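One structure below.
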Amino acid sequence: MKIDAVTIFPEYFSPLQLSLIGKAQENDILDIAIHNLRDYTEDNHHSVDDTPYGGGAGMVMKPEIWGLVLDDLMIPETDLIILTPAGEVFDQRMAEELSKSSHLIFACGRYEGIDARVGQYYSQDEFAAQGIRVREVSIGNYVLGGGEVAALVMIEAITRLLPGVLGNPDSLAEESHVEDGFLEYPNFTKPQTWRGIGVPEILLSGNHAAIAKWRREEAAKKAEK
């Protein structure tokens with residue numbers, strides 16, 4: 001999978017060199033490139049934003065600069081992800097869907113966001129005919145300083161689903177409860193008793209069917225809270 005992220009703060013993406021995602025890049029499972037939007041500016045101040053039409057607080061990222069960088073990166077069968085609090089909410093099902101993409105571009109907005117015409121432009125029929133899709137995505141009902149953190153969340157959730165990324169692929173098979181809307185069940189390891197708190201007896205029983213049932217029930221209890 002090829003991933004491009006466009007930002008004015010490339011340093012935000014340094015964690016992508018660590019852990020499983022870092023190893024996946026070393027093993028040529030992933031190809032991740034980070035692009036500085038300011039590199040496409042031509043003025044002395046490297047300006048990427050301007051005042052909004054219609055008035056209002058804050059600044060809006062200019063479409064012409066985004067157009068320059070996205071034109072360079074766009075290829076057929078690309079999914080362009082525009083991070084915005086107003087977008088559809090990211091979840092496990094979307095992660096699975098996007099894990100089947102060959103090329104993802106994450107557009108990390110700042111200030112009051114990216115000029116809406118950027119998404120409109122790349123949603124036109126001429127791009128759709130090439131298999132290019134535009135999605136506005138949010139990771140939750142709150143506002144961040146920019147799209148970088150959201151992009152990191154999505155990249156980790158998506159890429160761990162790729163074959164060869166996880167050290168133990170069986171871990172994915174045990175996460176089907178997430179698709180059902182359930183949270184992770186409680187997990188325990190040695191010692192059997194810690195500070196007076198013991199491991200639930202069912203987990204010591206060796207009865208795998210009963211353990212699986214208990215885990216589903218515990219996950220459902222968390223989902224109800």
Side-chain angles (χ1 to χ4, degrees), residues 1-7 10-35 69-70 72-83 87-108 122 127-140 147-189 203 208-209 211-213 215-216 218-220 222-223:
M1 174 184 281
K2 169 67 174 171
I3 295 177
D4 290 292
V6 185
T7 173
E11 299 83 359
Y12 253 102
F13 290 91
S14 57
L16 295 179
Q17 301 304 316
L18 306 175
S19 190
L20 296 176
I21 296 179
K23 291 179 181 177
Q25 292 176 81
E26 294 174 2
N27 295 330
D28 295 325
I29 298 171
L30 279 174
D31 178 10
I32 301 178
I34 312 302
H35 308 271
V69 62
L70 293 176
D72 274 357
L73 300 177
M74 201 68 68
I75 58 176
E77 304 301 324
T78 291
D79 285 288
L80 171 60
I81 311 298
I82 300 177
L83 285 314
E88 58 180 315
V89 178
F90 181 69
D91 59 13
Q92 188 68 17
R93 287 185 176 84
M94 190 189 299
E96 290 190 351
E97 180 183 345
L98 293 174
S99 72
K100 298 175 174 62
S101 176
S102 59
H103 183 214
L104 300 175
I105 299 177
F106 289 89
C108 302
Y122 292 103
F127 295 102
Q130 302 175 53
I132 293 170
R133 296 160 292 272
V134 178
R135 300 183 76 159
E136 294 189 344
V137 181
S138 165
I139 62 167
E148 290 80 10
V149 172
L152 284 171
V153 168
M154 291 186 64
I155 290 170
E156 179 154 332
I158 293 165
T159 57
R160 67 191 302 277
L161 300 175
L162 299 177
V165 172
L166 283 186
N168 181 7
D170 291 339
S171 297
L172 294 177
E174 294 184 1
E175 293 175 354
S176 59
H177 59 278
V178 176
E179 299 174 13
D180 298 327
F182 294 158
L183 301 174
E184 183 78 31
Y185 49 75
N187 285 290
F188 303 87
T189 187
L203 300 180
H208 298 294
I211 290 171
K213 180 174 180 293
R215 285 174 168 169
R216 287 194 300 271
E218 291 300 307
K222 283 193 173 187

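Everything numeric in this text was worked out from a predicted model, so none of it was measured.
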(message) Would you say that more than 12 heavy atoms from the other residues, nucleotides or ligands in this model lie under 6.0 Å from the NZ of Lys23, or not?
(response) no

(message) To the closest 0.5 Å, what do you measure between CG (Leu70) and NE2 (His35)?
(response) 9.5 Å

(request) Could you please spell out the steps behind the side-chain contact (heavy atoms from CB on, under 4.5 Å) verdict for Lys2 and Ile75? (result) CA-CA 11 Å; Lys2 169 67 174 171; Ile75 58 176; 5.8 Å; no

(message) Is the shortest side-chain heavy-atom distance between Asp4 and Thr78 below 4.5 Å?
(response) no

(message) For a 4.5 angstrom cut-off between non-hydrogen side-chain atoms, does Arg135 reach Leu98?
(response) yes

(request) Of all the heavy-atom pairs spanning Leu152 and Phe13, show the shortest one and how long it is. (result) CD2-CD2, 3.8 Å

(request) Any chance you could measure Glu218, atom CD, to Tyr185, atom OH, to the nearest 0.5 Å? (result) 12.0 Å

(message) How close do Leu83 and Cys108 get, counting heavy atoms only, and between which atoms?
(response) CD2-SG, 4.5 Å

(request) Check the pair Arg133 / Glu97 against salt bridge (charged side-chain N to carboxylate O under 4.0 Å, His left out), numbers first and verdict last. (result) CA-CA 13 Å; Arg133 296 160 292 272; Glu97 180 183 345; over 6 Å; no

(request) Of all the heavy-atom pairs spanning Thr159 and Ile155, show the shortest one and how long it is. (result) OG1-O, 2.7 Å

(message) Just to verify, what does Tyr122 make a ring pair (Phe, Tyr, Trp, His ring centres under 6.0 Å) with, not counting sequence neighbours?
(response) Phe127

(message) When you compare the side chain of Thr189 with that of Asn187, does any pair of heavy atoms fall below 4.5 Å?
(response) no

(message) Within the supplied structure, the quantity of interest is the number of heavy atoms (other residues, nucleotides, ligands) at a distance under 6.0 Å from Glu156 CD; does it exceed 12?
(response) no

(request) Might you point out which heavy atoms bring Ser99 and Leu162 nearest each other, and give the distance in Å? (result) O-CD2, 3.3 Å

(request) Rounded to the nearest 0.5 Å, what's the gap from CZ on Phe106 to CG on Leu80? Could you check? (result) 10.0 Å

(message) Determine whether a donor-acceptor pair (N or O, by modelled atom type, separation under 3.5 Å) exists between the side chain of Gln25 and the backbone of Leu16.
(response) yes

(request) For residues Met154 and Ile3, determine if any side-chain heavy atom of one lies less than 4.5 Å from a side-chain heavy atom of the other. (result) no

(request) Say whether, by atom type as modelled, one donor and one acceptor occur between the side chain of Asn27 and the main chain of Ile29 under 3.5 angstrom. (result) no

(request) Search all heavy atoms of Glu77 against all heavy atoms of Ser102 and return the closest pair with its distance. (result) O-OG, 3.5 Å

(request) List the atom of Arg160, the atom of Val165, and the distance in Å for their closest heavy-atom pair. (result) CA-CG1, 3.8 Å

(message) Do Ile158 and Phe90 have side chains that approach each other closer than 4.5 Å (heavy atoms only, starting at C-beta)?
(response) yes

